[in-house]
Amino acid sequence: MTEPPLSESAAILTIQAASPGGVPALVDLTYRLFSEWGYAPVVYRADFAEGKPTLLQRLALTLRRWRAQPIEERGLNTMIVPAPPLPLWAFYAVPQFLGGPLLGQHDQLMVISGSAHVALPAALRGIPYTLWVATLYQDELRAKADQEDGWAKGVLNSPTWPLLLAQERLALRRAGRILALSPHTAERIQTLLPEAADRIETVLYP
């Protein structure tokens, strides 16, 4: 593989803050790999307040920091993007007007998340991206609902649930490459989108 010139940049789009867990760990690994390959990487993530902020606190934070803000986090160049207190069906789609334009300035884009919805800013703008995904959203919510999670049951029974499913399909359909956390996830994605079979690979991460 020919190394790219140092002038090329790579973006990593995620949603989770710098908390312990699989997604932040994979973000760290991908950032390091991009650096080793000669890219100048930057992480984009949602700007959530610490703890469990109220609706008014999230609204105030969005109004105060409505533009993407550069910070250094865990040694990673990071841009925190506003996370408006919107309904779930609009949360991933609408903020693309706030942070989405920045994604197109990079030479490579990697989206890392539990579900595919995080890729919507790139999918809606036609920006090429690779998507690493842990599970289908419907599988995640149904597993939680089976454990008597009231929030998950509410989302599954919401009139906007078909829209959330359509958003997930769009994010998966427009990904140049889909990296699935497990063979089961790869199989489930292929069942949902048979035409994406040749773009799906299994990438295990403990």
Side-chain angles (χ1 to χ4, degrees), residues 13-17 19 21-23 44-49 51-63 65-66 68 80-101 103 109 111-127 129 131-176 178-182 184-197 199-200:
L13 177 60
T14 187
I15 189 170
Q16 287 185 249
S19 57
V23 170
Y44 290 81
R45 73 160 177 84
D47 185 13
F48 291 112
K52 295 182 178 179
T54 64
L55 180 67
L56 287 177
Q57 287 173 330
R58 283 189 61 189
L59 180 59
L61 180 64
T62 300
L63 292 175
R65 300 199 299 226
W66 62 274
I80 50 174
V81 181
L86 297 169
L88 189 59
W89 64 268
F91 177 77
Y92 295 107
V94 174
Q96 65 111 348
F97 295 105
L98 300 175
L103 300 175
L109 174 58
V111 182
I112 300 175
S113 179
S115 68
H117 288 83
V118 176
L120 269 177
L124 291 170
R125 290 183 172 271
I127 300 170
Y129 58 93
L131 171 63
W132 185 91
V133 62
T135 183
L136 289 181
Y137 200 41
Q138 55 188 301
D139 292 350
E140 178 184 350
L141 291 188
R142 283 172 183 154
K144 290 180 178 180
D146 288 344
Q147 298 297 318
E148 301 301 322
D149 186 307
W151 177 82
K153 288 183 177 180
V155 174
L156 289 169
N157 294 318
S158 166
T160 62
W161 176 240
L163 177 56
L164 287 166
L165 286 178
Q167 290 175 346
E168 181 176 46
R169 288 192 188 96
L170 177 68
L172 290 166
R173 186 174 293 116
R174 294 194 173 175
I178 301 170
L179 310 180
L181 172 67
S182 68
H184 173 73
T185 297
E187 182 180 350
R188 292 287 293 129
I189 295 172
Q190 186 170 338
T191 300
L192 180 68
L193 289 174
E195 68 273 21
R199 294 185 285 117
I200 301 171

What distance separates Arg125 CZ from Leu103 CG, expressed to the nearest 0.5 Å?
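Rounded to the nearest 0.5 Å, the CZ-CG separation comes to 8.0 Å.
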Rounded distance [0.5 Å steps], CZ in Arg199 versus CD1 in Ile189
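Going from the CZ atom of Arg199 to the CD1 atom of Ile189 covers 10.0 Å.
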Could you tell me whether the side chain of Gln190 and the main chain of Ala196 form a donor-acceptor pair under 3.5 Å?
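Flag not set: sc Gln190 to bb Ala196 has no pair under 3.5 Å.
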Hey, does the side chain of Gln167 reach the backbone of Trp89 with a donor-acceptor pair shorter than 3.5 angstrom?
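Looks like yes, one N/O pair under 3.5 Å.
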So, for [X] and [Y], which heavy atoms are closest and what is the spacing to 0.1 Å?
| X | Y | value |
| --- | --- | --- |
| Val133 | Gly114 | CG2-O, 3.3 Å |
| Ser113 | Val118 | OG-CG2, 3.0 Å |
| Ala123 | Ala171 | CB-CA, 4.2 Å |

Pairs in or reaching into residues 131-145: which pass salt bridge (Lys or Arg N to Asp or Glu O under 4.0 Å), with residues at least two apart or in two chains?
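Checked against salt bridge (Lys or Arg N to Asp or Glu O under 4.0 Å) - neighbours excluded - the pairs reaching residues 131-145 are Asp139-Arg188, Glu140-Lys144.
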For Ala186, check side-chain contact (heavy atoms from CB on, under 4.5 Å) against everything at least two apart and list the hits.
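With neighbours one apart ignored, the set is Ala180, Ile200, Thr202.
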Side chain proximity check, Leu131 to Leu179, heavy atoms < 4.5 angstrom
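Of all side-chain heavy-atom pairs linking Leu179 with Leu131, none is under 4.5 Å.
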Just jot down the ring-ring contact (aromatic ring centres under 6.0 Å, His included) partners of Tyr129, sequence neighbours excluded, or say none.
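Once residues adjacent in sequence are excluded, Tyr129 has no partner under the ring-ring contact (aromatic ring centres under 6.0 Å, His included) criterion.
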Restricting to side chain to side chain donor-acceptor pair (under 3.5 Å), what partner residues turn up for Arg169, sequence neighbours left out?
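Arg169 satisfies side chain to side chain donor-acceptor pair (under 3.5 Å) with no residue once adjacent residues are dropped.
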For Arg173, which residues count as a side chain to side chain donor-acceptor pair (under 3.5 Å) partner, sequence neighbours excluded?
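Applying side chain to side chain donor-acceptor pair (under 3.5 Å) to Arg173 gives none.
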Count the heavy atoms of every other residue, nucleotide or ligand shown that sit under 6.0 Å from CD of Glu195, and state whether that count exceeds 12.
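Above 12, so yes.
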What do the steps show when you test Leu172 against Ile178 for side-chain contact (heavy atoms from CB on, under 4.5 Å), and what is the final call?
CA-CA 7 Å; Leu172 290 166; Ile178 301 170; 4.1 Å; yes
Can you give each donor-acceptor pair under 3.5 Å made by side-chain atoms of residues 152-166, sequence neighbours left out, with the distance rounded to 0.1 Å?
from	atom 1	to	atom 2	distance (Å)
Lys153	NZ	Glu148	OE1	2.6
Asn157	ND2	Lys153	O	3.0
Ser158	OG	Thr160	N	3.1
Ser158	OG	Thr160	OG1	2.8

